[in-house]
J.: 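Have a look at this one before I ask anything.
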There are 2 protein chains.
Amino acid sequence: MEIQGLPGRLLAALGPAIASGELPEGTVLRAEELEQQHGVSRTVVREAVRILESMRMVEPRRRVGTTVRPKADWDVFDPLVIRWRLAGADRSAQLRSLGSLRVAVEPAAAALAARCADDDDRRELSALAVELTVTARAADLEAFLAHDIAFHAVVLRASGNEMFAHLKDTVGAVLTGRTEHRLMPHRPREYAVQLHREVAEAICAGDPERAERAMRTIVLGALEELDATLPD
Amino acid sequence: MEIQGLPGRLLAALGPAIASGELPEGTVLRAEELEQQHGVSRTVVREAVRILESMRMVEPRRRVGTTVRPKADWDVFDPLVIRWRLAGADRSAQLRSLGSLRVAVEPAAAALAARCADDDDRRELSALAVELTVTARAADLEAFLAHDIAFHAVVLRASGNEMFAHLKDTVGAVLTGRTEHRLMPHRPREYAVQLHREVAEAICAGDPERAERAMRTIVLGALEELDATLPD
DNA sequence: CGCTTGAATAAGTCATACCTTTGCGCCAAG
DNA sequence: CTTGGCGCAAAGGTATGACTTATTCAAGCG
């Protein structure tokens, strides 16, 4: 999954540093310096820089050096960029963006899922809805989170749209982030759990409007909570 | 914008070949072969392969070679991957996915824009709505396309959500693709143009519901047309 | 004052040598 | 005949030195 080897390590050092603003826009990174600072060879430095270039986070220019590009140019949909931003300074901005994205995508995915889901999807959704109810009652936050992530992943996958499906890790990262960082309510709200059941039922019943409405309520609620609790 | 130099050329050869299915899942690429086939050095091959790895299109494994990963693993939001797929065999599937994505995102973006757009945004939107009307009447498809792309880009940007804003190139690619490939109506439909004016007016008037509704009608119409005219 | 030209610099490329991991076959023991 | 481990070889991974190319900057010339 991760980039392997030394270039991966270098990437794990440079990416977060850039994403967090520690290396702000316009900073020049010279290959030779990176070699020495990190004790690796040119080969390694070049490969790491190439990857950052493909994410549009840096731009190598001859006779000048490799300069950090403005944040607006970055490939904000790249999973690594998202992770780095979530770990760093503009974690709040990233969560807000992702929140809005969820509000747009997940209801549409739920509606599609109500049309396209196969029997396995429906079974899995029903089972996960039950699990959510149980773990919420038991106030088992860890298990609840896992099932919540799985639930949204199944909805996204069942939509039959590959691009929606690929947002599962992103949504998972958001859910994980909010459970870890700001404290979820000591036990998940019964209302939220009920909405998840509603989504599962609507998808199983093949009712797109109901599925979409319930899912929209879920993600809008999450976004509101986010806005209410985020610091800046 | 593009990846530079020899690695860029190699990438431009490998990426489309993989995206089009010419090099199907499981194909092994050996570094030495790539060197000879393309007349480049190890360095170049490794950098290109690294980038493909970061897109999760290939997976290098020692003693085995670099194998092409299943399509489901690819980073489908990466602009290069999108472009390659649009140019290749599953152009239809890609257009469908993007169509659904637009249906989800653009109405939400329009609603946000009606809340967040600044005066410059509103002015620009109004101007573009006029341009659209004029070029549509003149049946100047090329100019119409350019303004259409600009229009949607402004809405996405005015939403204030960086992730939405970054979808502008993607949306642009879709619009370009449908104009180029399948033949748009000889002159843009007056109804569609009117809807664009409606979106612009609603955003200028700060009416999120109206903006969202009009935009949804636009992208739903585009998706229907797509489904109707796509081959497979 | 502006244009040209050249030198310095940093990235880009190549070739080579060597390291590290790992799949697979061979052989021996059960 | 099966099974386990040992070792080789194949392929990617890393390091390095030499060289190329593009680009900036400035000095010098018209």
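Note that these values count all heavy atoms, side chains included, but never hydrogens, waters or copies made by symmetry. Sequence lines set the chain letters: A, B, ... in the order given, protein chains first and strands last, and positions in each chain run from 1. As the structure is a prediction and not an experimental result, all values here were calculated from the model.
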J.: Using whole Å, what does the distance between atom P of nucleotide dA11(C) and atom CD of Gln4(B) come to?
T.: 15 Å
J.: State which of dG23(C), dA10(C), dG12(D) makes the closest approach to the side chain of Thr66(B).
T.: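 Comparing dG23(C), dA10(C), dG12(D) against the side chain of Thr66(B), the answer is dG12(D).
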J.: Using a heavy-atom cut-off of 4.0 Å across all strands, would you classify Leu29(B) as base, sugar-phosphate, or nothing?
T.: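 Answer is sugar-phosphate: Leu29(B) comes under 4.0 Å of backbone atoms only.
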J.: Could you check how far CZ of Arg61(B) sits from P of dT20(C), rounded to whole Å?
T.: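 So the CZ-P distance, Arg61(B) to dT20(C), works out to 21 Å.
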J.: Whole-Å distance between dG12(C) P and Leu11(B) CG?
T.: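 In whole Å, dG12(C) P lies 15 Å from Leu11(B) CG.
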J.: With Arg157(A), which of Asp121(A), Asp118(A), Asp120(A) fulfils salt bridge (charged side-chain N to carboxylate O under 4.0 Å, His left out)?
T.: Asp121(A)
J.: In terms of side-chain heavy atoms of Arg63(A), which of dT24(D), dA11(C), dA15(D) is nearest?
T.: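 Nearest to the side-chain atoms of Arg63(A), counting from C-beta on, is dT24(D).
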J.: Between dG13(D) atom P and Leu6(A) atom CG, what is the distance in whole Å?
T.: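 Leu6(A) atom CG is separated from dG13(D) atom P by 11 Å.
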J.: Please tell me which of the listed nucleotides, dT24(D), dG13(D), dA11(C), lies nearest to the side chain of Val64(A)?
T.: dT24(D)
J.: Between C1' on dG12(C) and CD on Glu59(A), what's the gap in Å once rounded to a whole number?
T.: 15 Å
J.: Which of these nucleotides, dA10(C), dG12(C), dG13(D), is closest to any side-chain atom of Arg62(B)?
T.: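 That would be dG13(D).
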J.: From the set dG12(D), dT24(D), dT13(C), return the single nucleotide nearest to any side-chain atom of Arg46(B).
T.: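 Taking heavy atoms from C-beta onward, the closest nucleotide is dG12(D).
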J.: Once you measure the plane-to-plane angle for Phe77(A) and Phe77(B), does it fall in the parallel (<30°), tilted (30-60°) or perpendicular (>60°) bin?
T.: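 Answer is parallel, since the angle falls under 30°.
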J.: Does Arg42(B) contact dG13(D) through a side-chain donor or acceptor facing the base, at a distance under 3.5 Å?
T.: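 Flag set: donor-acceptor pair detected.
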J.: Can you tell me how far P of dG13(D) sits from CD of Glu32(B), to the nearest Å?
T.: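 Spelled out: CD on Glu32(B) to P on dG13(D) is 15 Å.
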J.: Taking all atoms of both residues into account, what is the closest heavy-atom pair of Ser159(B) and Cys116(B), and its distance?
T.: O-SG, 3.9 Å
J.: Test for a donor-acceptor pair under 3.5 Å between the base of dA15(C) and the side chain of Ser41(B), counting only N and O atoms.
T.: no
J.: I want to check something: taking the side chain as every heavy atom from C-beta on, are Ile82(A) and Met163(B) in contact at a cut-off of under 4.5 Å?
T.: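 The answer is yes; the side chains approach within 4.5 Å.
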J.: Between Leu10(B) (CG) and dG12(C) (P), how many Å, whole number?
T.: 16 Å
J.: Atom CZ of Arg30(A) to atom C1' of dG12(C): distance rounded to whole Å?
T.: 16 Å
J.: Is the shortest heavy-atom distance from the side chain of Val155(A) to the side chain of Ile203(A) under 4.5 Å?
T.: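 Answer yes - side chains close enough.
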